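For the numbers below, each heavy atom of this structure counts, side chains included, while hydrogens, waters and symmetry mates do not. On a predicted model such as this, the values are computed, not experimentally measured, just so you know.
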Amino acid sequence: MKFLSIIFIAFLGINTAIAQDATVAVDSTLLGGVAFKSVNEFYIFGDATVIGNNLLSEDSKKPYNNKQEDNDNIKMKYVDIDNNPETFCSSQAKLVLPEDFKKIVYAGLYWTATYAYEKGVRKLVNNDFIYSGNGERSPIINQVKFKLPNQEYQNVVGEVIYDGSKDEIHSINSPYVCYADVTKLLQETKEQTGNYTIANVKATEGYLSGGSAAGWMLYVIYQTPTDNPKYISTYNGFADVNEKPIDIKFKNFKSIDYGNVKTSLVVSALEGDNNIDLDECAIIKANTNQFQSLGNAVRDQQNFFNSTITNNASVNTERFPNSENTLGFDIAQLQIPNYNNQIISNDISETTMRLKTKSDRFYLYFTAFQTEIAQTLFNDVVQETKPISKNAKIEPEVVRSNPSTVSNADPKETSRTAYLYNKKGLNSNAFRYLKGKKSTPVVGIEGGYYVITNTFLEQERANNWKDSLIKKGFDADVFVNSKNNWNYVYVLRSDFAEEAFKLMEELKTNYRYRDTWVFKANLD
């Protein structure tokens, strides 16, 4: 959205000191906004994805691909793809989950728009446009229709995060943001991969000063096998990003101790124009006070918020309509280019994202952060989240402490969720079987109970696995079973069945070691 002389621009207060706890320094009373708050935190073997689409365009069904026109100059109309008399606007996007995903653990639905009145017009007076509106604005903005794959619409009532119509600073275009936790709806549907449709998001049609915009976003976290556990956190609020930068701090994590750290961001904003540049999304470099501007093939470093819906370096085209220019609505899922761990280093516990612009004002309402974390942190969180159900055998349990919405609260008081394979305790039947089972004679190794984490036919692969375990603090080694010539990688040899069995049960609570077992050798 271009800066306009007829609009009073409020400068948002910020705190640039990296050591401060404030996530976003926004005085919501004086400066027109809502401070960003933590919605939840997850410590999980899993991943996250995001979909969404815009709901205002030049045509109700055809994609809009012109990237040269200002949003102000487009006579907006509702996107409406479903030919349903009960909906006045609707758009669709496809959610794709990996085949090996286990369970959706969180789904957050957001919708946002500029909504000053029902329809706007403009007139050219003395070489300047004068905007006016018709139709009283509805007070009900937090109700939409939500359609899951191959289902009918159902009504969803959300929470109003921010309503600019009640704020003198933003009343001229009245942006708003709403949120609903739809986790249960996605968990209970049989088909989770497929097309999702959102309808009846209210917005201003026609012309609006700065251009009207509208869209929706669905952010999904799911459990799936991963090499390392991850920390995933989501935040919402409302920040008017103009000439002064906005800093958002992410904390409560500890990156992996060794190797390349994989980290990604999701940000979503309203009002960014495709053809107006000089807006940036940056992240601080590890152990410095310097920020690195982010970008990729579809998001320029100097025009990051460019009215597109992207997943990493690709435009998401699995939408209807699949406009290249989403006219003031942005969703960016971005893998941070962490070459040589220059941005997120090993053993780091916090980082800061900075948003700024010099010409294209925009409204940020959502961000999410995820990074690989140390196994020790995951284990510590697991220990904090008790009791654990004794009934589940394979599926992970969700254990949640009392939630808090304050993102800079004490780590022990924020909303944490750990996903793990349940500790079953000492299973008496399995233990008696192990004690009574005859041992296997193996040439060249000491008799005892061996806790085996993996077996390999190739020696090189066995050694690589052993080395990775050693880096994680295990006293790992390899022996060759002379009866089958396989390489057995173990982390403990014990004279006592109880000791080996308990370690096996403990390791099996971690998805990476779910196949751990005890090998009894040379004891008969």
Side-chain angles (χ1 to χ4, degrees), residues 11-26 33 35-38 41 48 228 230-237 239-269 272 277-296 299-305 312-313 330 332-358 362 364-374 377 406-409 411 414:
F11 295 102
L12 300 182
I14 64 165
N15 190 335
T16 58
I18 301 303
Q20 294 299 313
D21 287 336
T23 304
V24 181
V26 178
F36 270 68
K37 297 179 181 179
S38 173
E41 292 177 307
N228 294 299
K230 293 180 182 178
Y231 169 78
I232 306 176
S233 58
T234 67
Y235 301 79
N236 64 35
D240 185 343
V241 184
N242 45 61
E243 287 188 341
K244 289 194 175 183
I246 296 295
D247 284 359
I248 298 179
K249 179 175 288 188
F250 305 112
K251 48 199 306 188
N252 295 345
F253 67 92
K254 179 179 178 292
S255 59
I256 58 176
D257 299 319
Y258 304 95
N260 296 324
V261 185
K262 297 177 182 177
T263 304
S264 63
L265 291 171
V266 173
V267 290
S268 190
D277 55 13
L278 299 181
D279 54 72
E280 296 179 51
C281 177
I283 194 160
I284 198 167
K285 292 183 178 180
N287 305 313
T288 74
N289 289 321
Q290 298 178 332
F291 282 85
Q292 173 65 53
S293 295
L294 301 177
N296 53 30
R299 290 189 182 272
D300 190 271
Q301 288 181 321
Q302 299 300 311
N303 188 21
F304 188 88
F305 294 95
N312 297 317
D330 260 285
Q333 183 177 36
L334 184 76
Q335 188 78 34
I336 293 176
N338 196 27
Y339 306 115
N340 297 321
N341 290 344
Q342 292 181 349
I343 297 177
I344 307 295
S345 63
N346 296 122
D347 203 29
I348 201 172
S349 58
E350 65 179 46
T351 189
T352 301
M353 178 179 71
R354 173 168 290 180
L355 305 169
K356 62 180 181 179
T357 185
K358 293 184 179 179
F362 59 92
L364 182 77
Y365 70 89
F366 174 86
T367 186
F369 172 82
Q370 75 173 55
T371 189
E372 293 181 314
I373 57 173
L377 173 61
V406 183
S407 59
N408 60 342
T414 54

Discussion item. Just so I know, are the side chains of Phe250 and Thr371 near enough to count as touching, which here means a heavy-atom distance under 4.5 Å?
Written reply: no
Practice prompt. Test ring-ring contact (aromatic ring centres under 6.0 Å, His included) on Tyr235 and Phe369 and set out the steps.
Written response: CA-CA 9 Å; Tyr235 301 79; Phe369 172 82; 8.6 Å; no
Discussion item. Before you tell me yes or no, could you show the steps for Gln333 and Ser264 under side-chain contact (heavy atoms from CB on, under 4.5 Å), namely the whole-Å CA-CA distance, both residues' side-chain angles and the distance that decides it to 0.1 Å?
Written reply: CA-CA 7 Å; Gln333 183 177 36; Ser264 63; 5.6 Å; no
Worksheet entry | Lys285 NZ to Gln342 CD distance, which is reported to the nearest 0.5 Å | 6.0 Å
Worksheet item: About how many Å separate OG1 of Thr263 and CG of Asn338, when rounded to the nearest 0.5 Å?
Response: 5.5 Å
Practice prompt. Could you tell me which non-hydrogen atom of Tyr365 sits nearest to which non-hydrogen atom of Ser268, and how far apart they are?
Written response: OH-OG, 2.6 Å
Worksheet, complete the sentence: Output for pair (Leu334 CG, Ile283 CD1), nearest 0.5 Å, gives 9.5 Å
Worksheet, complete the sentence: Minimal heavy-atom distance between Val261 and Asn341, with the atoms involved, is N-OD1, 3.0 Å
Worksheet item: Within the side chain of Asn346, is there an N or O that forms a donor-acceptor pair under 3.5 Å with the backbone of Gly259?
Response: yes
Practice prompt. Please name all residues satisfying side chain to side chain contact (heavy atoms under 4.5 Å, CB included) with Asp347, sequence neighbours left out, ordered by chain then number.
Written response: Lys254, Asp257
Discussion item. Quick check for you: to the nearest 0.5 Å, what is the distance between Leu294 atom CG and Asp300 atom CG?
Written reply: 12.0 Å
Item to complete: Give the minimum heavy-atom separation between Ala282 and Phe291, together with the two atoms involved.
Response: CB-CB, 4.0 Å
Worksheet entry | Polar side-chain atom of Glu41 near backbone of Phe253 as donor-acceptor pair, under 3.5 Å | no
Item to complete: Kindly indicate whether the side chain of Phe305, heavy atoms from C-beta on, has any atom under 4.5 Å from the side chain of Thr357.
Response: no
Fill in: N/O donor-acceptor pair under 3.5 Å between Tyr231 side chain and Lys251 backbone
yes
Worksheet item: Is there a donor-acceptor contact under 3.5 Å from the side chain of Ser255 to the main chain of Ser345?
Response: yes
Discussion item. With rounding to the nearest 0.5 angstrom, report the CD1 to CG distance, Ile336 to Leu265.
Written reply: 4.0 Å
Worksheet item: Does the pair Ile248 and Leu364 meet the rule for a side-chain contact (heavy atoms from CB on, under 4.5 Å), with working shown?
Response: CA-CA 11 Å; Ile248 298 179; Leu364 182 77; 3.8 Å; yes
Worksheet item: Yes or no on side-chain contact (heavy atoms from CB on, under 4.5 Å) for Phe36 and Ile246, after CA distance, side-chain angles and deciding distance?
Response: CA-CA 11 Å; Phe36 270 68; Ile246 296 295; over 6 Å; no
Practice prompt. Please report the C-alpha distance between Asp330 and Phe304 in whole Å, then the side-chain angles of each, then the deciding distance to 0.1 Å, and finally whether the side-chain contact (heavy atoms from CB on, under 4.5 Å) criterion is met.
Written response: CA-CA 9 Å; Asp330 260 285; Phe304 188 88; over 6 Å; no
Worksheet entry | Any donor-acceptor pair under 3.5 Å from Glu372 side chain to Lys262 backbone | yes
Item to complete: Would you check if the side chain of Gln301 reaches a backbone N or O of Ser293 as a donor-acceptor pair within less than 3.5 Å?
Response: yes
Worksheet entry | Separation of Asn296 CG from Gln335 CD (nearest 0.5 Å) | 10.5 Å
Response to the item:
Closest non-hydrogen contact found for Thr288 with Ile284 is O-CD1, 3.2 Å
